[in-house]
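All remarks here apply to the structure that follows.
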Amino acid sequence: VRFSEHVLDQLRSLHTSSLHRSLLTLDGPTGATVDIGGRTYIQLASNDYLSLAHHPEIVAAVAAGASRWGTGAGASRLITGHQRVHEAAERSLADLIHQDAALLFPTGYMANVGAIQALVGRGDLILSDVLNHASLIDGCRLSGAKVLVYPHRDVAAARALLETHRKDHRAALLVTDAIFSMDATAAPLAELRALTDAHDAGLLVDEAHALGVLGPNGAGLLAELGLRADVVIGTLGKALGLMGAFAGGSPEVVDLLLNRARSFVFATGISPAIAAAVPTAVALVRDGDDRRRALLDATLTLSRGLLDRGYDVRPGRGPILPVWIGEATEALVLSQRLWERGVVARAIRPPTVPPGTARLRVVPTASSSPELVQRALNAFP
Ligand SMILES: Cc1ncc(COP(=O)(O)O)c(C=O)c1O
């Protein structure tokens, strides 16, 4: 088949299975409302949990950072792309999550792929929750380690796998989301910590959807439970309102990541303008109890309202409200109805979620006012 035919075939198959996606262009910043094509919509679709993506202090810090340190790092951090602002950002992030050291990555996707690949390889063993984020899955595949997938949150199954397979491998690492991004469920971190300790395995926890939202001062789910993981991944593009991510751990873990993570070694350092704003974003997260309270209030009102209207809402921890639909086409129809009524809530379809489990992922932000939440609820048919 000719290449151009192949591309058209692939697109046709996405369309016929209702899996084709396209970009939605916003005419301004993201927020509790967004302007699109001359109309203002209520937004229930971002991960800007604390409404920091357009906060004046962070905007000013990025602008000042760009002016003082430049917009581009100009090289890999290991060449000449490491500046004082990167160092300061890493210090403030490590402190936020109570770890000794941290390493910035340009995105969370890159942090997960790079960290796993750097820490384990051929001859090692990975245990991975079946609902882990795609970036964790890709990191597992890239590592070359033996990957065993356990059913969602099933500690007994993970234990059985370790009991059978641990002895045949050199190192072992269990990887899990803290809060699962499409299900809002929380990983059983205390049990997983005990399990990994009992089997001399490391524990990597991706706090993408918990950082800033859960735990004392927004330090995450591990902090809330008083636990320590060997490697913690945090993202800056969600509650922190920036972009990028970091891996936290001991100085030795960070040293190994810095040497081995291909997505760190072979990538230009994160922009110094972004790095410069990290301490400001961290301070806002730490002092963000009012924002966390507003977010929780909005989440509870939305979740109760949707249940009252007969929707199959399955809340977990935090602001993510999965509204279960089933078929991708039906999820699209609901999303379209809401759109017509001025609400942006995106249909989540395969391959992001397993076939037959399409859903709407409804997420308020700290600045989704009671009035906005009520208007959003009224838009649900
Ligand atoms: C659990 C989880 N980890 C990692 C990522 C990737 O982070 P980033 O968007 O910074 O690449 C995401 C989503 O984007 C996520 O939901």
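The structure presented is a predicted model; accordingly, all values stated were derived computationally and were not measured. In listed order, ligands and their atoms are each counted from 1. Numbers here simply count residues along the sequence, with the first being 1.
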Point to revise | Pi-cation contact, Tyr41 with Arg39 (under 6.0 Å, within 45°) | key: yes
Review point. Do the numbers put Arg314 on top of the ring of Trp324, so that NZ or CZ is under 6.0 Å from the six-membered ring centre and no more than 45° off the axis?
Key: yes
Exercise for review: Flag yes if Leu295 and Leu214 sit in one hydrophobic cluster, no otherwise; membership is Ile, Leu, Val, Met, Phe, Trp, Tyr, and two members link when side-chain heavy atoms are under 4.5 Å apart.
Suggested key: yes
Review point. Which one of Arg286, Arg292, Arg293 satisfies the salt bridge (Lys or Arg N to Asp or Glu O under 4.0 Å) criterion with Asp289?
Key: Arg292
Practice item. Inspect the surroundings of CZ in Arg309 and state if more than 12 heavy atoms from other residues, nucleotides or ligands are less than 6.0 Å away. Key: yes
Review point. Would you call Leu240 and Leu52 a side-chain contact if the rule is heavy atoms closer than 4.5 Å?
Key: no
Using a cut-off of under 3.5 Å, which N/O atoms of ligand 1 pair up with protein N/O atoms, and what distance separates each pair?
{"unit_1": "ligand 1", "atom_1": "3 (N)", "unit_2": "Asp206", "atom_2": "OD2", "d": "2.5"}
{"unit_1": "ligand 1", "atom_1": "10 (O)", "unit_2": "Gly108", "atom_2": "N", "d": "2.7"}
{"unit_1": "ligand 1", "atom_1": "11 (O)", "unit_2": "Gly108", "atom_2": "N", "d": "3.1"}
{"unit_1": "ligand 1", "atom_1": "11 (O)", "unit_2": "Tyr109", "atom_2": "N", "d": "2.8"}
{"unit_1": "ligand 1", "atom_1": "14 (O)", "unit_2": "Lys238", "atom_2": "NZ", "d": "2.7"}
{"unit_1": "ligand 1", "atom_1": "16 (O)", "unit_2": "His209", "atom_2": "NE2", "d": "2.6"}

